[in-house]
Protein chains: 2
Amino acid sequence: MSLRIALLGLLCGKGPASGYDLTKSFERSLNHVWQAGHTQIYPELVKMTSDGLVTVESEGARGRKIYSVTPEGRRVLHEWLVGHSPSLTVRSDTGLQAFLLPLLDRDEAIAVVQRIRDCHAERLAALDFQPRGVLGRYALALGVGQIRSVLEWADETIADLQRS
Amino acid sequence: MSLRIALLGLLCGKGPASGYDLTKSFERSLNHVWQAGHTQIYPELVKMTSDGLVTVESEGARGRKIYSVTPEGRRVLHEWLVGHSPSLTVRSDTGLQAFLLPLLDRDEAIAVVQRIRDCHAERLAALDFQPRGVLGRYALALGVGQIRSVLEWADETIADLQRS
DNA sequence: GACTGATATGTAAGTCGTTACATGTCAAAT
DNA sequence: ATTTGACATGTAACGACTTACATATCAGTC
């Protein structure tokens, strides 16, 4: 369900675009928040067309189809944005590793936390190079905060494990 | 892939258990980190049995089957814990809402962020009542940190929106 | 003129996860 | 005796997502 919201959001924010453009937009601006490849995007655009959320505005070279949002699409997007509550389901592989840390001996556990730390530090560095337009300002701040909090947890946890 | 890790982890940490027990364990101790219902757990245990990761130790009343971890299961769990790097794919509906905030007018945006804040405050309160055994200490700290960082972001964002 | 690489769009098979349906046991209370 | 509620296990259909495969255009260069 959220994939179509993301697509509607990009089309509303950046104007009409092709499936290819949207795939690139996902990679560039949205990928720290939601991910989808072209194999998911193309069929979804077709479904969204038959659901009346977008229309093919024009067909250009190389079979390129330019989609734009319909009033109904705008309505659906607005309704979701204003009405959606954070989903309760969480699936965090890092959280799972943290959960199971007590099954490891001290040095192994420290090494695991250290790697989690390194990976997140790398991601934080990558985020800073993210281009940002009208959209994405707030999401960037949220993402940075989330990653920083993992780094803090990692530092505290390593210190805690070293004391034991 | 991680579902079996979670199941192996619970079986290693808490000893042999039935599918039903594992389902309850998920609800009680693991649900802020990973989620799965019995409809996913029962078939997965069957697959894990045929893959040699767990065995049916005994069959009790009401067709209750007690699973325990095989040496191979222990090996697979250990390998994952020590070798797994955080996955790069992220899908956060809250992040998506944050990303698209600029599409809303000021007051709507503030209301959305306020609701995100409220939901996370509620989750934080729920986490404090989570029972914790040997496992889960570190995951709890991680979860609390994550949620706190959302609350901070929400406060800053609301202030920012109000200034505009 | 042939090759290469970026552009551009799609299908198919398989895995993972959700929702709805279906069944049966056992203990305790009424 | 029967009803209720917790215990206990499953299947089936569907939707979301991934990976691998397949194809074709166009611009630039060798």
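Everything numeric here is computed off the predicted structure, so don't read it as measured data.
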Original post:
Is any side-chain nitrogen or oxygen of A:Lys65 closer than 4.0 Å to OP1 or OP2 of C:dG10?
Top reply: yes
**OP:** Write out all pairs satisfying ring-ring contact (aromatic ring centres under 6.0 Å, His included) with one or both partners inside residues 83-108 of chain A, taking only residues at least two apart or from two chains.
**Re:** A:Trp80-A:His84
**OP:** Could you check B:Asp21 against B:Thr89 and say which one's nearest nucleotide on DNA chain D is further toward the 5' end?
**Re:** B:Asp21
Original post:
Nearest-Å distance, NZ (B:Lys24) to P (D:dC7)?
Top reply: 6 Å
Original post:
Rounded to the Å, how far apart are A:Glu27 CD and C:dA8 C1'?
Top reply: 13 Å
Original post:
Between A:His78 and A:Arg74, is there a donor-acceptor pair closer than 3.5 Å when you use the side chain of the first and the backbone of the second?
Top reply: no
Original post:
Between B:Thr89 and A:Gln35, do the side chains contain an N or O donor and an N or O acceptor separated by less than 3.5 Å?
Top reply: no
Subject >> Exam field: side chain B:Arg64 to backbone B:Ser18, donor-acceptor pair closer than 3.5 Å >> reply: no
Subject >> Between P of C:dG17 and CG of B:Leu7, the distance in whole Å >> reply: 11 Å
**OP:** Take atom CG of B:Leu22 and atom C1' of D:dC7, then tell me their distance rounded to the nearest Å.
**Re:** 15 Å
**OP:** May I ask you to decide if A:Glu27's main-chain N or O and A:Asn31's side chain share a donor-acceptor pair within less than 3.5 Å?
**Re:** yes
Subject >> Any A:Tyr20 side-chain N or O less than 4.0 Å from OP1/OP2 of C:dT9 >> reply: no
Original post:
Between the side chains of A:Ser85 and B:Arg115, does any donor sit under 3.5 Å from an acceptor?
Top reply: yes
**OP:** Would you mind listing every salt bridge (charged side-chain N to carboxylate O under 4.0 Å, His left out) that reaches into residues 150-160 of chain B, with sequence neighbours excluded?
**Re:** A:Arg137-B:Asp160, B:Arg117-B:Asp155, B:Asp160-B:Arg163
Original post:
Between the axis at one end of the helix from C:dG1-D:dC30 to C:dT30-D:dA1 and the axis at the other (five pairs apiece), what's the angle to 10 degrees?
Top reply: 10°
Original post:
With a cut-off of 6.0 Å (strictly less than), are more than 12 heavy atoms of other residues, nucleotides or ligands near CD of A:Glu122?
Top reply: no
Original post:
CG of A:Leu45 versus C1' of C:dG10: gap in Å, rounded?
Top reply: 12 Å
Each nucleotide N or O in nucleotides 14-17 of chain D that has a protein N or O under 3.5 Å away: list the pair and distance.
{"residue": "D:dA16", "atom": "OP1", "partner": "A:Met1", "partner atom": "N", "Å": "3.3"}
{"residue": "D:dC17", "atom": "OP2", "partner": "A:Gln40", "partner atom": "NE2", "Å": "2.8"}
{"residue": "D:dC17", "atom": "O5'", "partner": "A:Gln40", "partner atom": "NE2", "Å": "3.4"}
{"residue": "D:dC17", "atom": "O3'", "partner": "B:Arg91", "partner atom": "NH1", "Å": "3.4"}
{"residue": "D:dC17", "atom": "O3'", "partner": "B:Arg91", "partner atom": "NH2", "Å": "3.1"}

Original post:
For A:Thr49, what residues pass the side chain to side chain contact (heavy atoms under 4.5 Å, CB included) criterion, not counting sequence neighbours?
Top reply: A:Val54, A:Tyr67
**OP:** Under the side chain to side chain donor-acceptor pair (under 3.5 Å) rule, what do A:Asp93 and A:Gln97 come out as? Steps first, then yes or no, please.
**Re:** CA-CA 6 Å; A:Asp93 55 349; A:Gln97 261 176 321; over 6 Å; no
Original post:
Over how many whole Å does the gap from A:Tyr42 atom OH to D:dA24 atom C1' extend?
Top reply: 12 Å
Got a list of protein N/O to nucleotides 20-22 of chain D N/O distances below 3.5 Å?
none

Original post:
For the pair made of CZ in B:Arg64 and C1' in D:dA6, what is the distance, rounded to whole Å?
Top reply: 13 Å
Original post:
Which whole-number value in Å describes the distance from B:Asn31 CG to C:dT18 P?
Top reply: 13 Å
Subject >> B:Ser2 side-chain N/O to B:Ile5 backbone N/O, donor-acceptor pair under 3.5 Å >> reply: no
